[in-house]
Asker: 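I'd like to ask some things about the structure below.
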Amino acid sequence: MNKFRAIFFWFIISFVSQFSFSQEQYPIETLLTGYLEHDIELKKLLLNSKKSKLELEQTKIEQGFDITLSTGTMTFYSGKENGSSINFKPSINAKIPSVKNMTASASVDYNVNKVDKTSSFEDGKISFGIDLISKEEALSKISIEKSKRAVIEAEWKLQHAALSVERKFYTELQSILNLTNNILTYRQDYYTDKLNFEKLKVQGYSSTSSTYRIAEMKVSTGLHNIEVALHNLKRDIIIFYNRCGISLEIDEQSDLMTLVPDQIIEVEPINFNDFDKENFSSLENARWVCDINQVQRKVEKFFTLGVNAGYTFKNSYTQSDTIDTSILATIGGVGLTAGVSLPVGVEDFSPAFTLSANVNPNSFKTREIKKQHDELSYKQDLYDIENAIQEYETTQVAFEQELINLKWEKETVKNNLDLYQKNETDLKKYYSYGIVSESEYLAAKNNRQLYEVKTKINQLEFILYNNDIRSKFVDLDDLNDIEK
């Protein structure tokens with residue numbers, strides 16, 4: 001091994017041997033907060049959540065008390081014989097769809113004559129209407145319920161996205177720890193190869209023999225593998241910190257291990273069965289879709305009925321004030337409207353009657369088709385619920401098995417760590433007595449560090465496990481908050 005290789009050898013060894021994690025790190029909570037704050041998708045979903053709340057307010061306004069003011073058609077006339085006049089027909093209309101589709105309106109036909117400076121009006125009307133049997137009130141409530149649902153789904157989507165981004169954070173951190181693990185593994189291989197190489201030299205092998213050269217190349221390859229892994233670790237650390245909103249500059253003398261976050265809080269695994277089955281995201285959504293679709297299907301009425309009542313000042317048909325009533329009804333594809341205007345304050349009691357009818361023959365033909373279509377759609381909704389239940393049961397088993405594996409791995413890693421900690425302590429003492437070589441001691445130390453990293457990786461896996469379970473459920477308390 002030439003002089004340059006020897007110098008490089010000791011540089012690498014001294015560099016990667018300092019694997020005790022520094023406490024002068026960014027707290028993992030700070031990194032996670034920065035990671036979440038710099039995720040664009042989360043920011044967009046937060047805006048969507050705010051937009052859905054505004055849309056709910058808009059829907060409530062539209063389905064609540066609605067009033068329209070109008071000047072009507074305004075006519076300006078200027079003639080030589082009759083002089084100038086102005087005619088306009090102002091009106092006001094109010095509607096409350098959520099209360100039996102209640103309506104109220106007022107209008108008048110108003111004239112002003114500029115020549116004799118007189119004014120007159122006719123057909124001044126005040127009317128009130130209500131649906132006795134109708135789908136409008138139900139449709140109004142469905143519209144509000146859908147808007148509320150949009151708000152809660154936007155909240156759930158934001159929560160699940162936050163869990164997803166948190167998962168990405170810990171997955172990237174896990175990847176960095178895996179690279180650290182690789183470095184320690186390469187270093188362990190290096191120590192093994194170096195011990196074998198030293199034995200060959202003690203045994204007197206010539207530097208020109210193939211056995212000697214192969215052993216020397218293994219040591220050289222081990223150093224190269226460590227160097228490559230360190231470069232990869234440096235790259236991933238810089239990218240990771242950048243995603244956390246922190247700009248890093250790492251020089252060649254920096255100890256990368258001090259930048260690997262290791263302050264990972266050990267969490268207790270949550271139990272999948274502690275969550276209410278009905279809160280399972282897919283199942284809750286399938287049931288809600290089925291329920292709202294059923295409500296919509298039942299809204300369609302074969303028979304509807306509405307009534308109107310009002311008062312007309314100077315009715316142009318009867319030349320008097322009138323009390324007006326009308327009935328509006330639909331039966332299948334037939335629509336009927338009947339009304340009567342009763343004169344008030346006149347000797348000649350001559351009511352005015354109105355009647356209209358319309359029919360759509362195709363509605364009778366399509367009614368049975370729609371009924372069959374609705375029945376098939378309902379069955380599909382039930383299948384969606386059944387499928388969601390199956391998904392719940394499969395997911396339940398998967399998480400139970402994953403937890404068993406994680407606990408087993410935790411116990412295995414802990415036992416190995418205890419073993420290697422004891423082994424390192426013993427070999428450190430033997431090394432100080434000159435019983436074992438430095439390489440043997442460093443190999444024992446490396447094994448202990450290797451399992452310390454494995455412990456951190458296992459802790460991350462428990463965090464990811466908990467996050468994955470939470471992401472499978474929704475919080476129905478959010479629904480109650482929306483109702484309030």
Side-chain angles (χ1 to χ4, degrees), residues 6 8-25 27-28 173-174 176-203 215 218-219 221-223 225-227 229-230 233 237 253-269 405-463:
F8 181 73
F9 163 79
W10 288 112
F11 171 76
I12 290 292
I13 292 304
S14 62
F15 185 77
V16 300
S17 63
Q18 300 174 16
F19 268 70
S20 59
F21 294 104
S22 170
Q23 297 301 312
E24 298 178 0
Q25 301 174 350
I28 197 165
L173 180 53
Q174 187 179 38
I176 289 175
L177 287 173
N178 283 331
L179 280 176
T180 306
N181 187 71
N182 290 343
I183 293 172
L184 291 167
T185 302
Y186 288 142
R187 193 172 69 177
Q188 189 64 31
D189 293 340
Y190 164 79
Y191 287 140
T192 300
D193 293 336
K194 183 171 180 289
L195 280 171
N196 292 334
F197 182 50
E198 288 173 348
K199 288 179 182 178
L200 290 177
K201 289 193 290 184
V202 171
Q203 293 170 3
K218 282 186 176 181
V219 173
T221 301
L223 288 174
N225 289 338
I226 294 172
E227 183 183 10
L230 283 169
L233 179 62
I237 285 176
Q253 283 71 43
S254 297
D255 182 0
L256 294 181
M257 294 303 101
T258 63
L259 299 174
V260 178
D262 74 314
Q263 302 165 7
I264 301 168
I265 300 175
E266 185 173 359
V267 298
E268 288 297 321
N405 292 339
L406 286 175
K407 287 183 175 179
W408 174 85
E409 183 181 356
K410 179 181 179 181
E411 187 65 23
T412 302
V413 170
K414 181 180 181 302
N415 291 337
N416 285 333
L417 178 59
D418 292 342
L419 177 64
Y420 285 118
Q421 282 177 333
K422 184 178 184 305
N423 187 54
E424 180 193 1
T425 301
D426 292 341
L427 265 68
K428 183 178 182 181
K429 181 171 62 175
Y430 298 153
Y431 173 61
S432 65
Y433 295 155
I435 299 175
V436 298
S437 68
E438 181 185 20
S439 296
E440 288 174 306
Y441 163 65
L442 291 176
K445 180 181 179 181
N446 190 79
N447 275 325
R448 185 264 302 169
Q449 293 169 337
L450 182 65
Y451 276 88
E452 283 183 346
V453 173
K454 287 182 181 292
T455 300
K456 298 299 179 183
I457 292 174
N458 182 253
Q459 290 173 345
L460 281 179
E461 287 173 344
F462 273 99
I463 293 174

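Note that the numbering runs from 1 along the sequence shown for the chain.
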Asker: Starting at CG of Asn415, measure out to OH of Tyr420 and round the result to the nearest 0.5 Å.
Answerer: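 Those atoms lie 12.0 Å apart.
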Asker: Run the side chain to side chain contact (heavy atoms under 4.5 Å, CB included) test on Ile28 and Leu173 for me, step by step, so that the C-alpha distance in whole Å, both residues' side-chain angles and the decisive distance to 0.1 Å come before the verdict.
Answerer: CA-CA 10 Å; Ile28 197 165; Leu173 180 53; 3.5 Å; yes
Asker: How long is the span from the OG1 atom in Thr412 to the OH atom in Tyr451, to the nearest 0.5 Å?
Answerer: 9.0 Å
Asker: Are Arg448 and Glu424 within salt-bridge range, i.e. N to O under 4.0 Å?
Answerer: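 Salt bridge between Arg448 and Glu424, a charged N being under 4.0 Å from a carboxylate O: yes.
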Asker: Any salt bridge linking Lys422 with Asp426? Criterion: basic side-chain nitrogen under 4.0 Å from a carboxylate oxygen.
Answerer: yes
Asker: Who pairs with Asn423 by side-chain hydrogen bond (donor to acceptor under 3.5 Å, both in side chains), at least two apart in sequence or on another chain?
Answerer: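 Not a single residue meets the side-chain hydrogen bond (donor to acceptor under 3.5 Å, both in side chains) criterion with Asn423.
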Asker: Under the rule for side-chain hydrogen bond (donor to acceptor under 3.5 Å, both in side chains), what residues qualify as partners of Glu411, not counting sequence neighbours?
Answerer: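 Checked Glu411 against side-chain hydrogen bond (donor to acceptor under 3.5 Å, both in side chains); zero matches.
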Asker: Would you say CD of Glu268 has more than 12 non-hydrogen atoms from neighbouring residues, nucleotides or ligands within 6.0 angstrom?
Answerer: no
Asker: Below 4.5 Å, heavy atoms only, C-beta onward: do Thr185 and Asn446 meet side chain to side chain?
Answerer: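 SC-SC contact between Thr185 and Asn446 ruled out.
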Asker: Tell me whether the NZ or CZ atom of Lys194 lies within the 45° cone about the ring axis of Tyr191 and under 6.0 Å from its centre.
Answerer: no
Asker: Check the pair Phe462 / Glu266 against side chain to side chain contact (heavy atoms under 4.5 Å, CB included), numbers first and verdict last.
Answerer: CA-CA 8 Å; Phe462 273 99; Glu266 185 173 359; over 6 Å; no
Asker: Between Leu419 and Asn447, is any pair of side-chain heavy atoms under 4.5 Å apart?
Answerer: no
Asker: Do the side chains of Lys414 and Thr455 get nearer than 4.5 Å, heavy atoms only?
Answerer: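 They are not in contact (no side-chain heavy atoms under 4.5 Å apart), so the answer is no.
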Asker: Which distance, rounded to the nearest 0.5 Å, do you find between the CG of Asn458 and the CD1 of Ile463?
Answerer: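 That separation rounds to 10.5 Å.
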Asker: Hey, could you give me the CG/OH distance between Asn181 and Tyr186, rounded to the nearest 0.5 Å?
Answerer: 10.5 Å
Asker: Within the 4.5 Å heavy-atom criterion, are Pro269 and Leu406 side-chain neighbours or not?
Answerer: no
Asker: Residues in salt bridge (charged side-chain N to carboxylate O under 4.0 Å, His left out) with Glu440, at least two apart?
Answerer: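 Partners of Glu440 by the salt bridge (charged side-chain N to carboxylate O under 4.0 Å, His left out) criterion come out as none, since no residue qualifies.
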Asker: Have a look at Glu461 and tell me which of Lys410, Gln174, Lys456 forms a side-chain contact (heavy atoms from CB on, under 4.5 Å) with it.
Answerer: Gln174
Asker: At what distance, to the nearest 0.5 angstrom, does CG of Asn225 lie from CG of Asn182?
Answerer: 10.0 Å
Asker: Are Lys454 and Glu409 close enough, and set up right, to give a side chain to side chain contact (heavy atoms under 4.5 Å, CB included), and what steps lead you there?
Answerer: CA-CA 10 Å; Lys454 287 182 181 292; Glu409 183 181 356; over 6 Å; no
Asker: Please identify which of these residues, Leu184, Asn416, Thr180, Ile183, meets the side-chain contact (heavy atoms from CB on, under 4.5 Å) condition with Leu450.
Answerer: Leu184
Asker: How long is the span from the CG atom in Asn405 to the CH2 atom in Trp408, to the nearest 0.5 Å?
Answerer: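 Separation between the atoms: 8.0 Å.
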Asker: With heavy-atom distances below 4.5 Å as the criterion, would you say the side chains of Lys218 and Phe197 are in contact?
Answerer: no
